[in-house]
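Remarks on the structure that follows.
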Amino acid sequence: MSEKIGFIGLGIMGQGMVRNLLQKGFEVYIWNRTHPKMDPLLELGAHAATSPADVASHATIIITCVSDTPDVEHVMLQANGVIFGAKAGDLVIDMSTISPEITRRLARAFADRNVHMLDAPISGGSEGAANGTLSIMVGGDAEQVARAMPVFEAMGKTITHVGAIGAGQTVKLVNQILVVVTMLGVSEALLFAQAGGLDLHKTIEAVAQGAAGSWMLSYRGPQVVDRDWRPGFTIDLQQKDLRLVLEAADQMGVPMLGTGMVFNLYRTLQQQGLGLEGNHALVKALENLAGIEIRDQ
Ligand code: NAP
(Lines give C-alpha, C1' and ligand atoms only; values in the text may rest on other atoms or scores of the structure.)
Protein backbone atom coordinates (compact mmCIF):
# COMPACT_ATOMS: atom_id res chain seq x y z
CA MET A 1 0.00 0.00 0.00
CA SER A 2 1.59 3.26 -1.05
CA GLU A 3 -0.62 5.56 1.05
CA LYS A 4 0.52 6.14 4.63
CA ILE A 5 -2.27 7.05 7.03
CA GLY A 6 -2.21 9.64 9.80
CA PHE A 7 -4.94 9.60 12.47
CA ILE A 8 -5.67 12.38 14.98
CA GLY A 9 -8.28 11.88 17.73
CA LEU A 10 -8.34 8.52 19.47
CA GLY A 11 -11.64 8.81 21.33
CA ILE A 12 -14.51 6.32 21.38
CA MET A 13 -14.68 6.35 17.57
CA GLY A 14 -11.01 6.84 16.67
CA GLN A 15 -9.83 3.83 18.70
CA GLY A 16 -11.94 1.37 16.73
CA MET A 17 -11.26 3.05 13.40
CA VAL A 18 -7.48 2.87 13.82
CA ARG A 19 -7.69 -0.78 14.92
CA ASN A 20 -9.49 -1.60 11.67
CA LEU A 21 -6.95 0.33 9.56
CA LEU A 22 -4.11 -1.60 11.22
CA GLN A 23 -5.93 -4.88 10.77
CA LYS A 24 -6.28 -4.17 7.04
CA GLY A 25 -2.50 -3.68 6.82
CA PHE A 26 -2.24 0.11 6.65
CA GLU A 27 0.80 1.87 8.10
CA VAL A 28 -0.73 4.35 10.59
CA TYR A 29 0.82 7.34 12.39
CA ILE A 30 -1.26 8.44 15.38
CA TRP A 31 -1.54 11.39 17.75
CA ASN A 32 -3.93 12.11 20.60
CA ARG A 33 -4.03 15.15 22.92
CA THR A 34 -4.13 12.82 25.91
CA HIS A 35 -1.08 10.73 25.08
CA PRO A 36 -1.80 7.50 27.05
CA LYS A 37 -4.78 6.80 24.76
CA MET A 38 -2.19 6.04 22.06
CA ASP A 39 -0.67 3.13 24.01
CA PRO A 40 -3.04 0.26 23.07
CA LEU A 41 -2.71 1.18 19.38
CA LEU A 42 1.09 1.44 19.56
CA GLU A 43 1.06 -2.12 20.87
CA LEU A 44 -0.87 -3.13 17.76
CA GLY A 45 1.79 -1.61 15.47
CA ALA A 46 0.78 2.04 15.01
CA HIS A 47 3.59 4.65 15.03
CA ALA A 48 3.53 7.52 17.57
CA ALA A 49 3.71 11.11 16.30
CA THR A 50 4.49 14.13 18.47
CA SER A 51 1.88 16.58 17.09
CA PRO A 52 -0.76 16.88 14.34
CA ALA A 53 1.92 18.50 12.12
CA ASP A 54 4.22 15.54 12.79
CA VAL A 55 1.41 13.12 11.83
CA ALA A 56 0.96 15.03 8.57
CA SER A 57 4.67 15.08 7.80
CA HIS A 58 4.77 11.24 7.87
CA ALA A 59 1.44 10.49 6.17
CA THR A 60 -0.13 11.01 2.74
CA ILE A 61 -3.75 10.69 3.95
CA ILE A 62 -4.39 12.48 7.26
CA ILE A 63 -7.64 11.72 9.13
CA THR A 64 -9.12 13.73 12.01
CA CYS A 65 -11.91 12.52 14.32
CA VAL A 66 -12.18 14.98 17.24
CA SER A 67 -15.15 16.46 19.10
CA ASP A 68 -16.42 19.77 17.76
CA THR A 69 -15.85 22.49 15.14
CA PRO A 70 -13.30 24.54 17.20
CA ASP A 71 -11.41 21.33 17.99
CA VAL A 72 -11.04 20.46 14.31
CA GLU A 73 -9.94 24.04 13.57
CA HIS A 74 -7.44 23.70 16.40
CA VAL A 75 -5.77 20.46 15.26
CA MET A 76 -5.79 21.63 11.62
CA LEU A 77 -4.65 25.26 11.83
CA GLN A 78 -3.12 26.09 15.22
CA ALA A 79 0.61 25.92 16.03
CA ASN A 80 1.82 22.39 15.18
CA GLY A 81 -1.44 21.82 13.29
CA VAL A 82 -1.91 19.51 10.30
CA ILE A 83 -1.48 22.38 7.85
CA PHE A 84 2.14 22.89 8.96
CA GLY A 85 3.11 19.27 8.21
CA ALA A 86 0.99 18.49 5.13
CA LYS A 87 2.80 18.33 1.78
CA ALA A 88 1.45 19.28 -1.65
CA GLY A 89 -0.71 16.42 -2.98
CA ASP A 90 -1.59 15.06 0.49
CA LEU A 91 -5.24 14.38 1.34
CA VAL A 92 -6.84 15.54 4.62
CA ILE A 93 -10.10 13.83 5.65
CA ASP A 94 -12.17 15.15 8.54
CA MET A 95 -14.46 12.44 9.96
CA SER A 96 -15.72 14.47 12.96
CA THR A 97 -19.24 15.96 12.90
CA ILE A 98 -18.75 19.72 12.49
CA SER A 99 -20.08 22.80 10.73
CA PRO A 100 -20.40 22.41 6.92
CA GLU A 101 -19.46 26.08 6.50
CA ILE A 102 -16.23 25.81 8.51
CA THR A 103 -15.47 22.60 6.61
CA ARG A 104 -15.52 24.54 3.33
CA ARG A 105 -13.33 27.25 4.89
CA LEU A 106 -10.78 24.65 6.02
CA ALA A 107 -10.77 23.09 2.55
CA ARG A 108 -9.91 26.50 1.04
CA ALA A 109 -7.01 26.93 3.50
CA PHE A 110 -5.63 23.53 2.48
CA ALA A 111 -6.24 24.16 -1.23
CA ASP A 112 -4.03 27.28 -0.96
CA ARG A 113 -1.19 24.84 -0.17
CA ASN A 114 -2.21 22.31 -2.83
CA VAL A 115 -3.49 19.91 -0.18
CA HIS A 116 -6.82 18.12 -0.90
CA MET A 117 -9.63 17.77 1.62
CA LEU A 118 -12.72 15.58 2.01
CA ASP A 119 -15.37 15.71 4.73
CA ALA A 120 -16.47 12.22 5.73
CA PRO A 121 -18.59 12.20 8.90
CA ILE A 122 -19.76 8.88 10.25
CA SER A 123 -22.77 7.15 11.71
CA GLY A 124 -23.04 3.79 13.44
CA GLY A 125 -21.84 4.49 16.97
CA SER A 126 -18.99 2.91 18.88
CA GLU A 127 -20.20 -0.53 17.72
CA GLY A 128 -19.88 0.54 14.07
CA ALA A 129 -16.40 1.96 14.68
CA ALA A 130 -15.24 -1.22 16.42
CA ASN A 131 -16.76 -3.59 13.87
CA GLY A 132 -15.75 -1.62 10.77
CA THR A 133 -19.39 -1.17 9.75
CA LEU A 134 -19.72 2.61 9.87
CA SER A 135 -21.85 4.56 7.41
CA ILE A 136 -19.59 7.22 5.89
CA MET A 137 -21.03 10.28 4.14
CA VAL A 138 -18.38 11.80 1.91
CA GLY A 139 -18.13 15.26 0.37
CA GLY A 140 -15.43 16.42 -2.07
CA ASP A 141 -13.80 15.71 -5.43
CA ALA A 142 -14.59 12.31 -6.99
CA GLU A 143 -10.91 11.65 -7.74
CA GLN A 144 -9.95 12.06 -4.05
CA VAL A 145 -12.95 10.00 -2.95
CA ALA A 146 -11.71 7.18 -5.20
CA ARG A 147 -8.22 7.57 -3.75
CA ALA A 148 -9.58 7.30 -0.20
CA MET A 149 -12.00 4.42 -0.90
CA PRO A 150 -9.74 1.57 0.38
CA VAL A 151 -9.26 3.57 3.59
CA PHE A 152 -13.01 4.13 3.99
CA GLU A 153 -13.68 0.45 3.24
CA ALA A 154 -11.38 -0.55 6.09
CA MET A 155 -13.57 1.40 8.53
CA GLY A 156 -17.07 1.35 7.08
CA LYS A 157 -19.70 -0.64 5.22
CA THR A 158 -21.91 1.98 3.56
CA ILE A 159 -19.79 4.63 1.88
CA THR A 160 -21.71 7.25 -0.08
CA HIS A 161 -20.22 10.10 -2.07
CA VAL A 162 -22.97 12.66 -1.52
CA GLY A 163 -21.59 15.78 -3.24
CA ALA A 164 -19.03 18.57 -3.03
CA ILE A 165 -16.98 19.46 0.05
CA GLY A 166 -19.30 20.15 3.03
CA ALA A 167 -22.10 17.95 1.64
CA GLY A 168 -21.00 15.05 3.85
CA GLN A 169 -21.51 17.19 6.96
CA THR A 170 -24.89 18.41 5.69
CA VAL A 171 -26.06 14.82 5.11
CA LYS A 172 -24.83 13.91 8.61
CA LEU A 173 -27.04 16.71 9.98
CA VAL A 174 -29.98 15.27 8.00
CA ASN A 175 -29.20 11.99 9.78
CA GLN A 176 -29.33 13.75 13.15
CA ILE A 177 -32.70 15.40 12.41
CA LEU A 178 -34.11 11.96 11.58
CA VAL A 179 -32.62 10.41 14.72
CA VAL A 180 -34.01 12.93 17.21
CA VAL A 181 -37.43 13.46 15.66
CA THR A 182 -37.83 9.68 15.49
CA MET A 183 -36.81 9.44 19.15
CA LEU A 184 -39.44 12.04 20.02
CA GLY A 185 -42.05 9.85 18.30
CA VAL A 186 -40.81 6.73 20.10
CA SER A 187 -40.92 8.57 23.45
CA GLU A 188 -44.43 9.94 22.96
CA ALA A 189 -45.73 6.56 21.76
CA LEU A 190 -44.25 4.67 24.73
CA LEU A 191 -45.67 7.21 27.17
CA PHE A 192 -49.10 6.77 25.58
CA ALA A 193 -48.72 2.99 25.79
CA GLN A 194 -47.79 3.28 29.46
CA ALA A 195 -50.85 5.44 30.20
CA GLY A 196 -52.97 2.88 28.33
CA GLY A 197 -51.76 0.10 30.63
CA LEU A 198 -50.05 -1.86 27.83
CA ASP A 199 -47.18 -4.34 28.07
CA LEU A 200 -44.47 -2.14 26.57
CA HIS A 201 -42.12 -4.85 25.27
CA LYS A 202 -45.07 -6.58 23.60
CA THR A 203 -46.20 -3.26 22.14
CA ILE A 204 -42.77 -2.65 20.58
CA GLU A 205 -42.73 -6.22 19.24
CA ALA A 206 -46.16 -5.70 17.66
CA VAL A 207 -45.30 -2.51 15.77
CA ALA A 208 -41.55 -2.68 15.09
CA GLN A 209 -41.74 -4.60 11.79
CA GLY A 210 -44.57 -2.52 10.30
CA ALA A 211 -44.71 0.99 8.85
CA ALA A 212 -43.84 2.46 12.27
CA GLY A 213 -40.58 0.51 12.58
CA SER A 214 -37.26 2.30 13.04
CA TRP A 215 -33.74 1.68 14.39
CA MET A 216 -34.49 3.97 17.36
CA LEU A 217 -37.65 1.99 18.24
CA SER A 218 -35.98 -1.42 17.90
CA TYR A 219 -32.70 -0.60 19.68
CA ARG A 220 -33.50 2.27 22.04
CA GLY A 221 -37.20 1.51 22.73
CA PRO A 222 -36.43 -1.62 24.84
CA GLN A 223 -33.66 0.32 26.63
CA VAL A 224 -36.25 2.97 27.59
CA VAL A 225 -38.67 0.32 28.90
CA ASP A 226 -35.83 -1.20 30.96
CA ARG A 227 -34.77 2.30 32.12
CA ASP A 228 -31.22 1.66 30.88
CA TRP A 229 -29.81 5.09 30.17
CA ARG A 230 -26.27 4.04 29.20
CA PRO A 231 -25.21 6.07 26.16
CA GLY A 232 -24.62 4.89 22.65
CA PHE A 233 -24.51 8.61 21.96
CA THR A 234 -24.67 11.15 24.81
CA ILE A 235 -27.20 13.98 25.14
CA ASP A 236 -24.30 16.47 25.27
CA LEU A 237 -22.88 15.32 21.91
CA GLN A 238 -26.40 15.15 20.46
CA GLN A 239 -26.93 18.78 21.46
CA LYS A 240 -23.65 19.73 19.75
CA ASP A 241 -25.04 18.26 16.52
CA LEU A 242 -28.51 19.82 16.92
CA ARG A 243 -26.85 23.19 17.42
CA LEU A 244 -25.11 22.64 14.05
CA VAL A 245 -28.48 21.73 12.48
CA LEU A 246 -30.20 24.83 13.88
CA GLU A 247 -27.34 27.14 12.83
CA ALA A 248 -27.32 25.77 9.27
CA ALA A 249 -31.14 25.92 9.09
CA ASP A 250 -31.04 29.52 10.29
CA GLN A 251 -28.56 30.39 7.53
CA MET A 252 -30.78 28.66 4.95
CA GLY A 253 -34.01 30.16 6.35
CA VAL A 254 -35.63 26.75 6.98
CA PRO A 255 -38.03 26.32 9.94
CA MET A 256 -37.09 23.39 12.18
CA LEU A 257 -40.15 22.84 14.37
CA GLY A 258 -39.50 19.28 15.53
CA THR A 259 -35.72 19.60 15.88
CA GLY A 260 -36.04 22.92 17.71
CA MET A 261 -38.46 21.38 20.19
CA VAL A 262 -36.21 18.37 20.82
CA PHE A 263 -33.23 20.69 21.31
CA ASN A 264 -35.13 22.51 24.07
CA LEU A 265 -36.35 19.28 25.65
CA TYR A 266 -32.75 17.99 25.80
CA ARG A 267 -31.74 21.32 27.34
CA THR A 268 -34.11 20.70 30.27
CA LEU A 269 -32.36 17.34 30.80
CA GLN A 270 -28.91 18.96 30.61
CA GLN A 271 -30.07 21.41 33.29
CA GLN A 272 -30.91 18.41 35.46
CA GLY A 273 -27.36 17.11 35.03
CA LEU A 274 -28.28 14.31 32.62
CA GLY A 275 -26.03 15.35 29.70
CA LEU A 276 -23.97 12.16 29.84
CA GLU A 277 -27.00 9.86 29.55
CA GLY A 278 -27.94 8.35 26.18
CA ASN A 279 -30.03 10.36 23.70
CA HIS A 280 -32.98 7.98 24.30
CA ALA A 281 -33.33 9.59 27.77
CA LEU A 282 -35.35 12.20 25.82
CA VAL A 283 -38.35 10.31 27.16
CA LYS A 284 -37.57 11.69 30.63
CA ALA A 285 -38.40 15.22 29.45
CA LEU A 286 -41.85 14.01 28.32
CA GLU A 287 -42.32 12.07 31.57
CA ASN A 288 -41.66 15.29 33.47
CA LEU A 289 -44.40 17.06 31.48
CA ALA A 290 -46.89 14.19 31.72
CA GLY A 291 -46.32 13.23 35.35
CA ILE A 292 -46.12 9.59 34.22
CA GLU A 293 -43.12 7.29 34.40
CA ILE A 294 -42.51 4.45 31.96
CA ARG A 295 -42.10 1.13 33.76
CA ASP A 296 -41.93 -2.43 32.51
CA GLN A 297 -45.14 -3.98 33.88
P1 NAP B 1 -14.74 11.28 22.25
O2 NAP B 1 -14.67 9.86 22.68
O3 NAP B 1 -15.21 12.31 23.21
O4 NAP B 1 -13.27 11.66 21.69
C5 NAP B 1 -12.98 12.96 21.28
C6 NAP B 1 -11.57 12.97 20.73
O7 NAP B 1 -11.28 14.32 20.29
C8 NAP B 1 -10.51 12.64 21.77
O9 NAP B 1 -9.46 11.97 21.14
C10 NAP B 1 -10.08 14.03 22.25
O11 NAP B 1 -8.79 14.06 22.82
C12 NAP B 1 -10.08 14.76 20.93
N13 NAP B 1 -10.16 16.23 21.10
C14 NAP B 1 -11.23 16.95 21.50
N15 NAP B 1 -10.93 18.26 21.52
C16 NAP B 1 -9.64 18.37 21.10
C17 NAP B 1 -8.76 19.46 20.90
N18 NAP B 1 -9.18 20.73 21.10
N19 NAP B 1 -7.52 19.20 20.49
C20 NAP B 1 -7.09 17.93 20.27
N21 NAP B 1 -7.88 16.83 20.43
C22 NAP B 1 -9.14 17.06 20.85
O23 NAP B 1 -15.67 11.47 20.96
P24 NAP B 1 -16.10 10.38 19.87
O25 NAP B 1 -17.34 9.72 20.31
O26 NAP B 1 -14.91 9.58 19.46
O27 NAP B 1 -16.56 11.38 18.68
C28 NAP B 1 -15.63 11.95 17.78
C29 NAP B 1 -16.43 12.62 16.66
O30 NAP B 1 -17.23 11.63 16.00
C31 NAP B 1 -17.39 13.72 17.15
O32 NAP B 1 -17.46 14.77 16.22
C33 NAP B 1 -18.73 12.97 17.23
O34 NAP B 1 -19.84 13.84 17.11
C35 NAP B 1 -18.61 12.04 16.06
N36 NAP B 1 -19.45 10.82 16.15
C37 NAP B 1 -19.54 10.12 17.30
C38 NAP B 1 -20.36 9.01 17.36
C39 NAP B 1 -20.54 8.17 18.62
O40 NAP B 1 -21.45 7.36 18.67
N41 NAP B 1 -19.69 8.33 19.63
C42 NAP B 1 -21.08 8.60 16.22
C43 NAP B 1 -20.93 9.33 15.05
C44 NAP B 1 -20.13 10.45 15.03
P45 NAP B 1 -8.60 13.69 24.39
O46 NAP B 1 -8.51 12.19 24.42
O47 NAP B 1 -7.34 14.36 24.76
O48 NAP B 1 -9.80 14.22 25.12
Side-chain angles (χ1 to χ4, degrees), residues 6-20 28 30-41 46 48-56 62-83 85 93-100 102-103 106 119-138 152 155-159 168-180 183 215-216 219-220 223 230-245 266 275-280:
F7 205 107
I8 295 158
L10 306 170
I12 291 178
M13 302 302 280
Q15 291 282 339
M17 292 158 83
V18 170
R19 269 170 207 270
N20 284 315
V28 189
I30 57 172
W31 180 83
N32 194 67
R33 179 179 59 182
T34 307
H35 293 188
K37 285 194 198 168
M38 297 199 279
D39 292 344
L41 298 170
T50 55
S51 67
D54 189 39
V55 168
I62 303 115
I63 299 172
T64 50
C65 189
V66 297
S67 306
D68 201 350
T69 308
D71 306 311
V72 175
E73 288 182 293
H74 187 83
V75 297
M76 296 290 199
L77 304 180
Q78 297 287 306
N80 287 323
V82 170
I83 202 160
I93 307 175
D94 179 37
M95 303 190 76
S96 328
T97 304
I98 69 159
S99 151
I102 302 294
T103 296
L106 285 168
D119 58 317
I122 48 185
S123 163
S126 53
E127 300 94 331
N131 299 333
T133 55
L134 292 169
S135 292
I136 307 179
M137 299 143 246
V138 192
F152 290 143
M155 299 183 282
K157 199 170 73 173
T158 308
I159 299 133
Q169 293 295 354
T170 309
V171 172
K172 171 69 187 182
L173 298 184
V174 168
N175 182 83
Q176 298 307 68
I177 295 166
L178 290 166
V179 163
V180 298
M183 194 59 226
W215 190 96
M216 292 305 274
Y219 286 84
R220 298 300 176 229
Q223 253 190 286
R230 283 175 298 173
F233 193 58
T234 64
I235 288 174
D236 284 344
L237 272 182
Q238 185 71 79
Q239 285 294 74
K240 183 254 307 179
D241 291 357
L242 295 190
R243 200 169 287 117
L244 293 172
V245 170
Y266 277 133
L276 293 178
E277 293 195 349
N279 56 357
H280 54 293

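Order of listing sets the numbers, starting from 1, for every ligand and every atom in it.
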With sequence neighbours left out, what residues match N20 under side chain to side chain donor-acceptor pair (under 3.5 Å)? none

List every atom of ligand 1 that sits less than 4.0 Å from any heavy atom of [X], numbering the atoms from 1 in the order shown and giving each element.
X	result
K37	45 (P), 46 (O), 48 (O)
G232	40 (O)
S96	32 (O)

At what distance is the nearest protein heavy atom to [atom], and which residue and atom is it?
atom	result
atom 37 (C) of ligand 1	M13 CG, 3.6 Å
atom 35 (C) of ligand 1	T97 OG1, 3.8 Å
atom 47 (O) of ligand 1	T34 OG1, 2.4 Å
atom 2 (O) of ligand 1	I12 N, 2.8 Å
atom 4 (O) of ligand 1	G11 CA, 3.3 Å
atom 7 (O) of ligand 1	V66 CA, 3.3 Å
atom 32 (O) of ligand 1	S67 O, 2.8 Å
atom 43 (C) of ligand 1	I122 O, 3.3 Å

For K172, state whether at least one heavy atom is located under 4.0 Å from any atom of ligand 1. yes

Measure from [atom] to every heavy atom in [options] and give the option owning the shortest one.
atom	options	value
atom 48 (O) of ligand 1	E127, R33, M17	R33
atom 30 (O) of ligand 1	S126, P231, C65	C65
atom 15 (N) of ligand 1	V75, L134, D71	D71

Does D68 reach ligand 1 with a nitrogen or oxygen that is under 3.5 Å from one of the ligand's nitrogen or oxygen atoms? no

Are the side chains of I93 and F152 in touch, meaning some heavy atoms are under 4.5 Å apart? yes

Would you call M155 and I63 a side-chain contact if the rule is heavy atoms closer than 4.5 Å? yes

Check the angle between the aromatic planes of H35 and W31 and answer parallel, tilted or perpendicular using the 30° and 60° thresholds.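 H35 and W31: perpendicular rings.
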
